[in-house]
Every structure is written in C-alpha cells, then in structure tokens.
Amino acid sequence: MGGFRHFFSEEDKKNIAVAISEVEKYTSGEVRVHLEDHCKGDVLKRAEFHFGKLQMHNTKERTGILFYLAVKDRLFAIYGDQGIHARVPENYWDGIRDRMLDYFRRSEFAAGVIEGIRMAGEQLKEHFPAASRNDNELSNEVSSS
C-alpha cells in the first residue's frame with residue numbers, strides 16, 4: 001500500500017466528495033473523510049483528535065461525522081458529534097462499520113467509504129433534515145495528514 005497520498009485515486013476522491021454533497025443536500029449534518037498513514041494510539045481517540053483538529057465540533061447542531069482511516073495500519077473509525085450520537089441507536093455505528101468492512105475485505109475502499117457515508121446520511125436525514133437555508137459548514141474534500 002502506497003500510503004494515504006495514493007490510497008484513493010482522484011476519481012475516488014471526487015466520488016467521495018459527491019457522495020458527501022448528496023447526503024448534505026437533505027440534512028443539516030456535515031460529513032468528512034480524513035486519511036493518514038499511521039494511527040498514533042487508539043483509533044477512536046485518533047479519530048476524535050482529527051475531529052477536533054478539523055473543527056467539526058463547530059457545526060451549528062453538533063452533527064458532524066468523521067470517517068477516519070489509517071491506511072498503512074489498516075484501521076478506521078467513525079466518529080460522530082454529540083448531536084447525532086445522542087439520537088442514533090446505540091449500536092448504529094457498529095452497523096456502518098461492519099458494512100464498510102464488507103467492502104474493505106474486497107479492497108473496495110472508496111465504495112466502502114461511500115456506503116458508510118450513505119448509511120450515516122440516512123440517520124442524519126431522519127433526525128436532522130435540511131432547513132430552508134442549508135449552509136455547507138465544512139469542506140467535502142477528503143483531507144489527510
């Protein structure tokens with residue numbers, strides 16, 4: 001594996017950004033994808049760190065969701081802010097994780113991330129439908145460090 005810089009093709013990145021845009025049309029929630037080569041410590045804590053670094057906690061309704069992937073370590077986590085976490089069923093994130101793993105096991109990483117985004121979007125739409133004015137508060141581009 002060539003590291004996060006080559007993990008997704010430019011077309012993959014575009015398709016992920018489009019998936020995020022599609023989800024965000026119908027919800028006030030915000031979704032981001034962040035890549036790095038290695039996870040320093042616990043994967044969920046690392047996702048939480050990047051969630052803060054990307055200022056995802058600054059969304060109006062605290063409905064940000066971060067998909068974090070440490071590509072060389074083959075680890076990933078889904079981190080949801082307080083607003084969405086308080087509304088979804090307790091095992092909700094596990095269902096998204098398991099579905100993404102189905103794709104990842106077939107080396108369909110972009111498709112797995114897009115499916116995770118779609119699944120998270122269903123809950124966002126249900127609990128946080130878009131208001132008449134639906135500002136895009138965060139970038140839809142895949143970020144990396």
Side-chain angles (χ1 to χ4, degrees), residues 1 4 6-37 39 41-145:
M1 201 176 292
F4 69 81
H6 305 289
F7 189 69
F8 290 132
S9 69
E10 289 305 313
E11 184 167 340
D12 289 340
K13 290 177 189 176
K14 179 182 166 220
N15 291 338
I16 290 168
V18 166
I20 292 170
S21 295
E22 285 299 312
V23 162
E24 290 179 355
K25 283 181 187 176
Y26 304 103
T27 177
S28 60
E30 293 287 330
V31 177
R32 299 239 19 215
V33 175
H34 185 80
L35 307 176
E36 66 182 348
D37 284 337
C39 177
D42 177 76
V43 68
L44 194 55
K45 292 283 186 197
R46 191 69 179 162
E48 181 181 16
F49 167 80
H50 283 292
F51 190 92
K53 189 174 178 183
L54 294 167
Q55 299 185 356
M56 293 186 69
H57 58 283
N58 289 335
T59 60
K60 183 178 173 185
E61 297 181 74
R62 303 288 308 256
T63 55
I65 298 175
L66 177 64
F67 291 85
Y68 165 79
L69 290 84
V71 299
K72 286 189 175 182
D73 292 335
R74 296 181 165 267
L75 296 171
F76 77 101
I78 307 160
Y79 189 86
D81 206 347
Q82 296 171 359
I84 186 68
H85 189 67
R87 298 256 185 112
V88 296
E90 190 170 320
N91 64 347
Y92 181 70
W93 304 113
D94 296 340
I96 295 175
R97 179 202 62 215
D98 293 347
R99 184 70 179 124
M100 289 174 69
L101 273 173
D102 289 341
Y103 283 90
F104 291 176
R105 287 186 182 112
R106 298 188 305 263
S107 296
E108 297 174 7
F109 300 106
V113 169
I114 290 168
E115 178 66 6
I117 291 166
R118 186 196 64 73
M119 290 177 72
E122 290 173 4
Q123 288 293 313
L124 286 169
K125 282 190 285 190
E126 180 180 334
H127 297 293
F128 300 95
S132 58
R133 181 175 174 196
N134 189 19
D135 296 329
N136 187 17
E137 298 178 79
L138 301 171
S139 170
N140 295 342
E141 302 302 314
V142 174
S143 62
S144 58
S145 59

Report summary line: Given the options V71, L101, V113, L35, F76 meets side-chain contact (heavy atoms from CB on, under 4.5 Å) only with L101
Query raised in the report: Any side-chain heavy atom of W93 within less than 4.5 Å of one from I65?
Result: yes
Report task. Could you tell me whether K125 and E122 make a salt bridge, using a distance below 4.0 angstrom between a side-chain N and a carboxylate O? Result -> no
Query raised in the report: Counting N and O atoms only, with roles assigned by atom type, does the side chain of R87 sit under 3.5 Å from a partner on the main chain of H127, one being a donor and the other an acceptor?
Result: yes
Report summary line: Minimal heavy-atom distance between L124 and V23, with the atoms involved, is CD1-CG1, 4.4 Å
Query - Between E48 and Y68: side-chain donor-acceptor atoms closer than 3.5 Å - result: no
Report task. Give the C-alpha distance, both sets of side-chain angles, the deciding distance and a yes or no for side-chain contact (heavy atoms from CB on, under 4.5 Å) between E24 and E30. Result -> CA-CA 6 Å; E24 290 179 355; E30 293 287 330; 3.2 Å; yes
**Report entry** L66 to A47 - nearest heavy-atom pair and separation
**Finding:** CD2-O, 3.4 Å
Requested in this report: Walk me through it: do H34 and K53 pass the test side-chain contact (heavy atoms from CB on, under 4.5 Å)?
Outcome: CA-CA 11 Å; H34 185 80; K53 189 174 178 183; over 6 Å; no
Query raised in the report: Side chain of D42, backbone of L44: donor and acceptor closer than 3.5 Å?
Result: yes
Query raised in the report: Taking the six-membered ring of F8, is the NZ or CZ of K13 close enough (under 6.0 Å from the centre) and on axis enough (within 45°)?
Result: no
Query - Check ion pair K14-E11 (N to O, under 4.0 angstrom) - result: no
Query raised in the report: If every non-hydrogen atom of G116 is compared with every non-hydrogen atom of I96, which pair is closest and at what distance?
Result: CA-CG2, 3.7 Å
Query raised in the report: Is the Lys NZ or Arg CZ of R106 less than 6.0 Å from the centre of Y103's six-membered ring, within 45° of the axis?
Result: yes
**Report entry** D12 side-chain N/O to A110 backbone N/O, donor-acceptor pair under 3.5 Å
**Finding:** no
